[in-house]
Amino acid sequence: MSDSESEDDIDSRIVLSIDGGGFRGLACLLILAHLTEEIAGGSDEDPPKPCQIFDLICGTSTGGLIAILLGRFGLSCKDAIDVYKEIGATMFGGEADSGKIWGHIIHGEEFSSALFEKKLEEITTRYTGSKDTLFKPRKDAPDTVHHESTLTFVPVVSKIASAGVDPNRIRSYPRPSDDIDPAPYGHKWTIVQGARGTCAAPLYFSPLKIQSGKATYVFQDAGASGFNNPAIPAMDEAEKLFGYDANITLVTLGTGLRSLVKEGQYRTGGKKEVEEEDVANFMQQILDSVKNVGKNARNAPQLAKRIAKQLLEVATDTEISHLHTAEEFDRQGRRQYYHRFNPPQGLGDIALTDCRQEDKIAVITGAWLKSVNGRNHISKAVNNLKGPYERKERKAREQFQKA
């Protein structure tokens with residue numbers, strides 16, 4: 001071991017956690033693509049795939065879908081962006097603007113879960129060989145399409161679960177020995193079920209139903225239960241997998257939801273602090289953008305208020321999770337190993353399902369990456385990630401040469 005390599009560096013583990021936030025998850029992929037390019041140092045070679053850098057990848061809702069693309073399928077950021085746009089257009093039906101989207105929801109119309117599932121089956125077949133491929137592959141039945149991967153999990157919650165209850169973790173690997181196997185016990189989750197369950201956000205998609213014997217289990221997106229930012233379960237999982245004394249670097253990607261809440265409105269006590277005035281203002285923005293509420297005119301204000309309150313609570317929970325995580329790293333004297341990327345302005349003005357806004361998302365994200373704040377964030381992360389990645393690649397090459 002050279003003088004520049006400490007034992008902590010050798011044993012370091014790198015974890016990626018991705019927030020929910022609808023189609024704005026595209027910003028997460030754009031940030032990650034830039035980060036991998038910087039890790040490559042501008043070389044002529046293609047930048048490393050996230051599965052080659054991170055030892056564990058997780059995500060909630062749209063972040064869970066991205067985690068599957070990057071971790072379970074082992075896609076490059078470039079390929080994942082293309083597939084993500086393809087799925088987004090199917091998920092949200094090409095809604096033209098935020099007014100039509102809010103009107104769609106106020107009319108009580110969920111987006112088509114059937115079309116979404118069909119697209120998931122198509123993508124899963126493309127990258128694994130079968131639409132029924134298991135999230136955790138069996139040793140005697142590996143994916144028939146060869147691809148790289150890394151440890152991946154997505155959280156889902158029972159529809160009847162209360163906020164704060166630890167979510168079910170749908171894993172691509174055996175569960176840690178000290179963890180409990182969640183119901184339905186012994187169920188072999190498919191990739192499509194995992195993606196469908198983590199993306200089943202209330203108001204947008206119907207929940208996922210799984211039949212096990214005579215019982216029916218109903219699951220939905222973990223975001224509404226306080227896990228839209230899955231950094232806390234990500235760290236818990238990493239410690240169970242790699243040891244509680246492991247040197248863990250955590251990278252978390254946000255979708256700009258904090259733009260929806262006022263600075264300082266949240267605190268780390270764990271309670272939501274969504275103010276009625278903010279709910280009312282956001283509700284009015286939604287109603288003003290909806291041109292025609294039709295037969296639901298009388299109920300429209302209540303429905304818009306429900307939408308506004310839910311989104312503001314999710315945004316607040318997301319920031320509380322970030323503050324909790326930052327404080328924990330501070331407490332351990334390891335703040336330099338926590339990296340949070342969350343473009344602060346603009347993304348919050350884009351409706352979660354507005355897949356027509358990919359150019360605007362790219363412009364906002366690109367501007368932030370070029371800003372002093374963005375460049376500093378990237379530079380600090382590269383300093384922490386480049387060494388462990390290069391050592392991992394060198395070790396892989398040595399093992400390949402021995403084989």
Side-chain angles (χ1 to χ4, degrees), residues 15-36 50 54 57-67 69-70 77 80-81 84 154-155 198-199 201 221-224 226-235 249-266 268 272 310-329 335 337-352 354 357-358 360-369 371 373-378 380-381 385:
V15 178
L16 176 64
S17 171
I18 311 169
D19 290 10
F23 191 70
R24 287 176 297 186
L26 176 61
C28 299
L29 283 167
L30 294 171
I31 290 169
L32 195 58
H34 184 77
L35 181 61
T36 59
F54 297 97
I57 299 178
C58 76
T60 295
S61 194
T62 194
L65 179 60
I66 293 171
L69 298 180
L70 300 175
C77 287
I81 288 170
Y84 186 75
V154 297
T198 196
C199 290
D221 163 23
F227 299 100
N228 196 65
N229 174 351
I232 293 173
M235 283 301 296
T249 297
L250 177 64
V251 176
T252 75
L253 302 176
T255 58
L257 278 178
R258 78 177 191 180
S259 299
L260 296 177
V261 292
K262 292 184 294 190
E263 195 72 29
Q265 181 173 320
Y266 28 73
T268 58
K272 302 181 180 70
Q310 178 178 305
L311 286 177
L312 290 172
E313 286 180 345
V314 167
T316 303
D317 276 335
T318 297
E319 199 64 12
I320 287 173
S321 293
H322 156 56
L323 294 173
H324 267 307
T325 305
E327 285 183 356
E328 182 60 22
F329 273 82
R335 185 62 176 79
Y337 293 102
Y338 174 60
H339 304 280
R340 173 71 169 167
F341 295 94
N342 195 17
Q345 300 295 332
L347 288 184
D349 299 327
I350 299 173
L352 271 68
D354 198 346
Q357 298 293 329
E358 61 181 66
K360 184 175 181 180
I361 292 171
V363 169
I364 292 171
T365 306
W368 181 77
L369 286 169
S371 70
N373 183 261
R375 291 201 309 271
N376 286 341
H377 272 66
I378 290 290
K380 290 176 182 177
L385 302 182

Taking the six-membered ring for Trp, are Trp368 and Phe341 parallel (under 30°), tilted (30 to 60°) or perpendicular (over 60°)?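 Geometry flag for Phe341 against Trp368: perpendicular rings.
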[X] versus [Y], closest heavy-atom pair with distance:
X      : Y      : value
Gly59  : Pro230 : CA-CG, 4.0 Å
Leu369 : Arg375 : O-CG, 3.4 Å
Ala27  : Thr365 : CB-OG1, 3.3 Å
Ala80  : Leu70  : CB-CD2, 3.7 Å
Gly254 : Cys28  : O-SG, 3.4 Å
Ser17  : Ala231 : OG-N, 3.4 Å

Do the side chain of [X] and the main chain of [Y] share a donor and acceptor less than 3.5 angstrom apart?
X      : Y      : value
Thr198 : Pro155 : yes
His377 : Asn373 : yes
Thr62  : Gly21  : no
Asn229 : Thr318 : yes
Thr60  : Phe227 : yes

Would you mind telling me which of Leu35, Ile364, Ile81 makes a side chain to side chain contact (heavy atoms under 4.5 Å, CB included) with Leu30?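 When side chain to side chain contact (heavy atoms under 4.5 Å, CB included) is applied between Leu30 and each of Leu35, Ile364, Ile81, only Ile81 qualifies.
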Only one of Ile18, Asp221, Val154 forms a side chain to side chain contact (heavy atoms under 4.5 Å, CB included) with Ser61, so which one is it?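 The single option meeting the side chain to side chain contact (heavy atoms under 4.5 Å, CB included) with Ser61 is Asp221.
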If you take the centroid of each ring, where Trp contributes its six-membered ring, are His322 and Tyr338 closer together than 6.0 Å?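 Distance test on ring centres: under 6.0 Å, yes.
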Does the distance from a Lys or Arg side-chain N to an Asp or Glu carboxylate O, for Asp19 and Arg340, drop under 4.0 Å?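 So Asp19 pairs with Arg340 through a salt bridge.
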Hey, what do you get for CD (Glu313) to CG (Asn228), rounding to the nearest 0.5 Å?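 Output value for this atom pair is 12.0 Å.
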Distance from Tyr84 atom OH to Leu26 atom CG, nearest 0.5 Å?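 That separation rounds to 6.5 Å.
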